[in-house]
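Treat the numbers as computed from the prediction; the structure is a model and nothing was measured.
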Amino acid sequence: MTKSKTFQAYLPNCHRTYSCIHCRAHLANHDELISKSFQGSQGRAYLFNSVVNVGCGPAEERVLLTGLHAVADIYCENCKTTLGWKYEHAFESSQKYKEGKFIIELAHMIKDNGWE
């Protein structure tokens, strides 16, 4: 018998949340959503101020749609699925607002709690 992992953080049930579509670990509170108009490597993505239950890989420079950025892939701490990335550094001044923020692709998350 395998022991199931518990999530590192649970977001309050009273808030609309986003969870990992693969294992249902909580990822972000709807209040942390900045923008729904981002593009990930696998389609549409959302930009968040903060996330939970997410690990971060090493930063690397990538040329994205909006120019050169230093980004680190982020993954679900529970099931290890790559979810998107964290903006570590933006090289263009108009993109600085993204630094320290997180992209999660829609293909990897599901809405939970109170979306009726």
Side-chain angles (χ1 to χ4, degrees):
M1 182 193 294
T2 59
K3 184 180 176 203
S4 66
K5 272 189 158 178
T6 55
F7 307 143
Q8 290 180 355
Y10 287 91
L11 296 170
N13 279 339
C14 59
H15 294 293
R16 292 182 294 171
T17 58
Y18 298 93
S19 298
C20 177
I21 199 167
H22 310 285
C23 72
R24 298 302 282 261
H26 288 175
L27 297 175
N29 186 322
H30 182 66
D31 295 341
E32 296 297 317
L33 179 65
I34 298 169
S35 175
K36 294 181 176 183
S37 59
F38 274 72
Q39 192 68 28
S41 58
Q42 297 179 12
R44 289 189 47 219
Y46 288 0
L47 181 69
F48 291 95
N49 250 328
S50 66
V51 294
V52 297
N53 299 317
V54 163
C56 206
E60 61 184 36
E61 291 183 3
R62 290 188 199 155
V63 177
L64 304 174
L65 291 174
T66 54
L68 181 64
H69 295 80
V71 298
D73 285 339
I74 59 171
Y75 57 89
C76 176
E77 279 283 5
N78 192 53
C79 69
K80 306 303 182 204
T81 300
T82 299
L83 303 168
W85 60 82
K86 178 181 181 185
Y87 287 100
E88 298 286 354
H89 180 71
F91 291 91
E92 295 179 29
S93 57
S94 66
Q95 301 299 310
K96 292 286 187 189
Y97 75 96
K98 296 177 185 174
E99 290 181 349
K101 309 292 191 294
F102 301 84
I103 286 285
I104 299 179
E105 297 177 341
L106 264 59
H108 299 299
M109 64 181 175
I110 190 168
K111 293 175 179 178
D112 268 336
N113 299 332
W115 286 93
E116 295 83 1

Practice item. Test H69 against every option in E99, E88, E61, K98 by the side chain to side chain contact (heavy atoms under 4.5 Å, CB included) rule and name the one that passes. Key: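 In the set E99, E88, E61, K98, the residue that makes a side chain to side chain contact (heavy atoms under 4.5 Å, CB included) with H69 is K98.
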**Study point:** Residue from L27, T17, I21 passing side chain to side chain contact (heavy atoms under 4.5 Å, CB included) with I110
**Key:** I21
Review point. So, the side chain of N49 versus the backbone of E32: is there a donor-acceptor pair under 3.5 Å, distance only?
Key: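 Pair absent, no side-chain N/O of N49 close to backbone of E32.
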What heavy-atom pair brings [X] and [Y] nearest, and what distance separates the two atoms?
{"X": "K96", "Y": "A90", "value": "NZ-O, 2.8 Å"}
{"X": "Q42", "Y": "A107", "value": "OE1-CB, 4.3 Å"}
{"X": "C76", "Y": "C23", "value": "SG-SG, 3.6 Å"}
{"X": "L68", "Y": "F91", "value": "O-CD1, 3.2 Å"}
{"X": "R16", "Y": "N29", "value": "O-OD1, 3.5 Å"}
{"X": "W85", "Y": "E105", "value": "CZ3-OE2, 4.2 Å"}

Practice item. State plainly whether one hydrophobic cluster holds both V51 and L47, where clusters connect Ile, Leu, Val, Met, Phe, Trp and Tyr through side-chain heavy atoms under 4.5 angstrom apart. Key: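 The answer is no; the residues belong to distinct hydrophobic clusters.
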Exercise for review: Indicate, with yes or no, if I34 and M109 share a hydrophobic cluster defined by side-chain heavy-atom contacts under 4.5 Å among Ile, Leu, Val, Met, Phe, Trp and Tyr.
Suggested key: no
With rounding to the nearest 0.5 Å, note down the distance linking [atom1] in [X] to [atom2] in [Y].
{"X": "F102", "Y": "L83", "atom1": "CZ", "atom2": "CG", "value": "11.0 Å"}
{"X": "Q39", "Y": "L65", "atom1": "CD", "atom2": "CG", "value": "6.5 Å"}
{"X": "Y75", "Y": "K80", "atom1": "OH", "atom2": "NZ", "value": "5.5 Å"}
{"X": "H30", "Y": "K111", "atom1": "NE2", "atom2": "NZ", "value": "8.0 Å"}
{"X": "R44", "Y": "S37", "atom1": "CZ", "atom2": "OG", "value": "8.5 Å"}
{"X": "S41", "Y": "D73", "atom1": "OG", "atom2": "CG", "value": "8.0 Å"}

Check your understanding: Under 3.5 Å, is there a donor-acceptor pair between the S19 and D112 side chains?
Key ->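 A donor-acceptor contact under 3.5 Å links the two side chains.
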Practice item. Check the pair I103 / V71 against side-chain contact (heavy atoms from CB on, under 4.5 Å), numbers first and verdict last. Key: CA-CA 10 Å; I103 286 285; V71 298; over 6 Å; no
Check your understanding: For the residue pair Y46 and F48, does the interplanar ring angle fall in the parallel (under 30°), tilted (30 to 60°) or perpendicular (over 60°) class?
Key -> tilted
